[in-house]
There are 2 protein chains.
Amino acid sequence: MITLTEENYIKSIYHLGKQGVNNVSTNAIAKDIKTKASSVTDMVKKLSEKGYADYKKYQGATLTEKGKRVAVSIIRKHRLWEVFLVEKLNFSWDEIHEVAEQLEHIKSEKLIKQLDAFLEYPTHDPHGDPIPDETGKIKSIDKILLSQAQIGDACICVGVQDSSSEFLKYLDKNNIALGTELIVVHKEPFDNSVTILVSAKEFIISNMIANNLFVKVG
Amino acid sequence: MITLTEENYIKSIYHLGKQGVNNVSTNAIAKDIKTKASSVTDMVKKLSEKGYADYKKYQGATLTEKGKRVAVSIIRKHRLWEVFLVEKLNFSWDEIHEVAEQLEHIKSEKLIKQLDAFLEYPTHDPHGDPIPDETGKIKSIDKILLSQAQIGDACICVGVQDSSSEFLKYLDKNNIALGTELIVVHKEPFDNSVTILVSAKEFIISNMIANNLFVKVG
DNA sequence: AATAATTTTTAGATTTATCTAAAAATTATT
DNA sequence: AATAATTTTTAGATAAATCTAAAAATTATT
Ligand SMILES: [Mn+2]
Ligand SMILES: [Mn+2]
Ligand SMILES: [Mn+2]
Ligand SMILES: [Mn+2]
């Protein structure tokens with residue numbers, strides 16, 4: 001039996017492990033989960049005992065294959081529920097994450113299988129993140145951060161790095177959604193802001209925005 | 001903040017309070033929740049402190065208005081989710097209860113409002129139980145147990161008392177569903193079994209079955 | 001290489017929900 | 001009314017997840 005708390009730690013280790021180092025530090029998990037390092041040490045020991053993680057003192061944690069399977073399964077549920085909320089219940093993309101954080105822990109094989117079918121096997125969630133298939137396979141498209149695009153590049157928005165409500169509302173306000181086409185007109189060396197051309201209008205976005213928006217070039 | 005455990009106790013007190021006495025006994029709750037009486041005493045004290053229940057030592061517990069509102073809200077969620085599982089995800093009525101037990105605790109006003117709309121404001125769940133409206137109002141139809149029906153009564157099945165998988169599968173196997181029409185042909189005084197006429201065929205059901213099937217006469 | 005700063009772990013408490021065993025109160029039976 | 005049976009409560013323990021404060025180990029800086 002795996003508890004909700006254990007699931008959240010596993011998810012955190014998975015996400016942090018993706019973005020850089022394999023051995024995820026105690027402090028990194030603590031910050032992510034909003035708990036104290038001492039609590040993380042305890043939990044990471046438990047996950048190790050249960051076979052979900054490898055852990056040696058002072059060396060951080062990594063997920064075992066078993067742990068990874070759990071992580072991917074939770075992420076699959078999370079993203080399918082997000083699709084459901086947007087497609088079927090008319091939520092907007094900035095309102096879904098918190099609800100999906102709860103729904104991802106519902107335990108029923110059949111539920112998620114049927115939900116997947118009901119949504120007609122979506123491949124990406126409303127934030128552009130790929131949905132792992134039943135076997136845990138994740139096929140990610142090649143996307144780059146808008147901040148990495150070159151002047152003259154014609155891009156399509158395909159995802160967000162940060163899916164906080166504040167950031168998503170900013171994009172809504174400025175008519176940027178997934179699928180929106182844009183051209184990089186100028187990159188200001190001084191502050192790394194980017195001038196983009198969206199629906200025939202020029203528009204300047206800060207480096208922070210450009211650093212959180214994924215695009216596909218070409 | 002109300003915990004999942006507190007919600008389950010409140011739901012139990014509500015259900016037990018309906019079926020008979022107002023002051024629900026410690027033992028009754030313990031049996032229902034599958035816990036020990038001593039645990040119930042502790043929790044009932046806490047619910048009382050938090051204003052969800054009235055409790056005096058050795059006198060059992062009743063829900064306050066606040067407690068009742070919580071109970072009805074959980075029941076509303078439970079039943080809406082059951083409708084969703086059957087109508088949208090092709091679950092059968094004997095598979096939904098356990099999943100709904102989990103889903104009923106998801107916290108999001110908008111979620112349940114939108115789900116209700118998505119399901120087109122259903123009035124009853126797949127077991128024939130009424131779904132409380134947004135304000136908490138429950139309009140129940142007048143139904144009786146089949147065991148109470150008289151010989152010659154033409155009935156329509158409208159609900160089940162017991163919604164265990166075993167009972168529901170029994171009904172499925174014998175082609176009895178909500179909406180099925182039947183006529184009471186005979187009531188055997190010796191064992192209280194009931195002979196019914198369903199789709200032009202006679203069929204004997206035990207008293208136990210007749211005691212768990214709700215019908216509308218006329 | 002020694003010292004300082006930071007990170008991580010340990011030790012001990014706390015909170016929530018549970019349990020067992022015993023005591024107290026209530027209810028039923030003689 | 002006294003005794004027996006049952007129900008309910010209390011007292012004390014336990015498990016999960018958290019916390020604070022202090023100790024230990026690691027990493028960075030002089
Ligand atoms: Mn999300
Ligand atoms: Mn997402
Ligand atoms: Mn149910
Ligand atoms: Mn039901």
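Order of the sequence lines sets the chain letters (A, B, ...), proteins ahead of strands, with each chain counted from 1. Note that the structure is predicted; figures quoted are calculated from it, not measured.
Among the nucleotides dC19(C), dT9(D), dT9(C), the one closest to the side chain of Lys36(B) is dC19(C). Here dC19(D) is the nucleotide among dT18(C), dT8(D), dC19(D) with the atom lying nearest to any side-chain atom of Asp42(A). Distance from the side chain of Tyr58(B) is smallest to dT9(D) among dT9(D), dT8(C), dA17(C). Of the candidates dT18(C), dT18(D), dT8(C), the closest approach to any side-chain atom of Thr26(A) belongs to dT8(C).
With a 3.5 Å ceiling on both atom-pair distances, the Watson-Crick or G-U wobble partner of dT14(C) is dA17(D). Both distances falling under 3.5 Å, in either a Watson-Crick or a G-U wobble arrangement, place dT27(D) opposite dA4(C). Pairing for dA11(D) goes to dT20(C), judged as Watson-Crick or G-U wobble with the two contacts each under 3.5 Å.
Contact between the side-chain N/O atoms of Lys57(A) and the OP1/OP2 oxygens of dT26(D) is not found at any separation under 4.0 Å. At the phosphate of dC19(C), OP1 or OP2 sits under 4.0 Å from a side-chain N or O atom of Ser39(B). When the side-chain nitrogen and oxygen atoms of Tyr55(A) are compared with OP1 and OP2 of dT9(C), one or more of them lie within a distance under 4.0 Å. Residue Thr41(A) places at least one side-chain N or O under 4.0 Å from the OP1 or OP2 atom of dT9(C). In terms of phosphate contacts, Tyr9(B) brings a side-chain nitrogen or oxygen within less than 4.0 Å of OP1 or OP2 of dT18(C). Not one side-chain nitrogen or oxygen of Lys45(B) sits closer than 4.0 Å to the OP1 or OP2 atom of dT9(D). In terms of phosphate contacts, Thr35(B) brings a side-chain nitrogen or oxygen within less than 4.0 Å of OP1 or OP2 of dC19(C). For dT6(C), the OP1/OP2 oxygens have no side-chain nitrogen or oxygen of Asn27(A) closer than 4.0 Å.
Contact detail for Val83(A) and Asp125(A): the closest heavy-atom pair is CG2-CA, 3.8 Å. What you find for Leu178(A) and Pro126(A) is that their closest heavy atoms are CD1-O, 3.4 Å.
Under a 4.0 Å N-O distance rule, the pair Glu65(B)/Lys68(B) qualifies as a salt bridge. Ion pairing of Asp116(B) with Arg76(B) is present here, as a side-chain N (NZ or NE/NH1/NH2) and a carboxylate O approach within less than 4.0 Å.
A donor and an acceptor atom sit less than 3.5 Å apart, one in the side chain of Ser38(B) and one in the base of dT20(C).
Mapping Gln59(A) and Glu6(A) onto DNA chain D by nearest heavy atom places Glu6(A) closer to the 5' end of the strand.
Between His127(A) and Trp93(A), the angle of the ring planes stays under 30°, which puts this pair in the parallel group of the 30/60° scheme.
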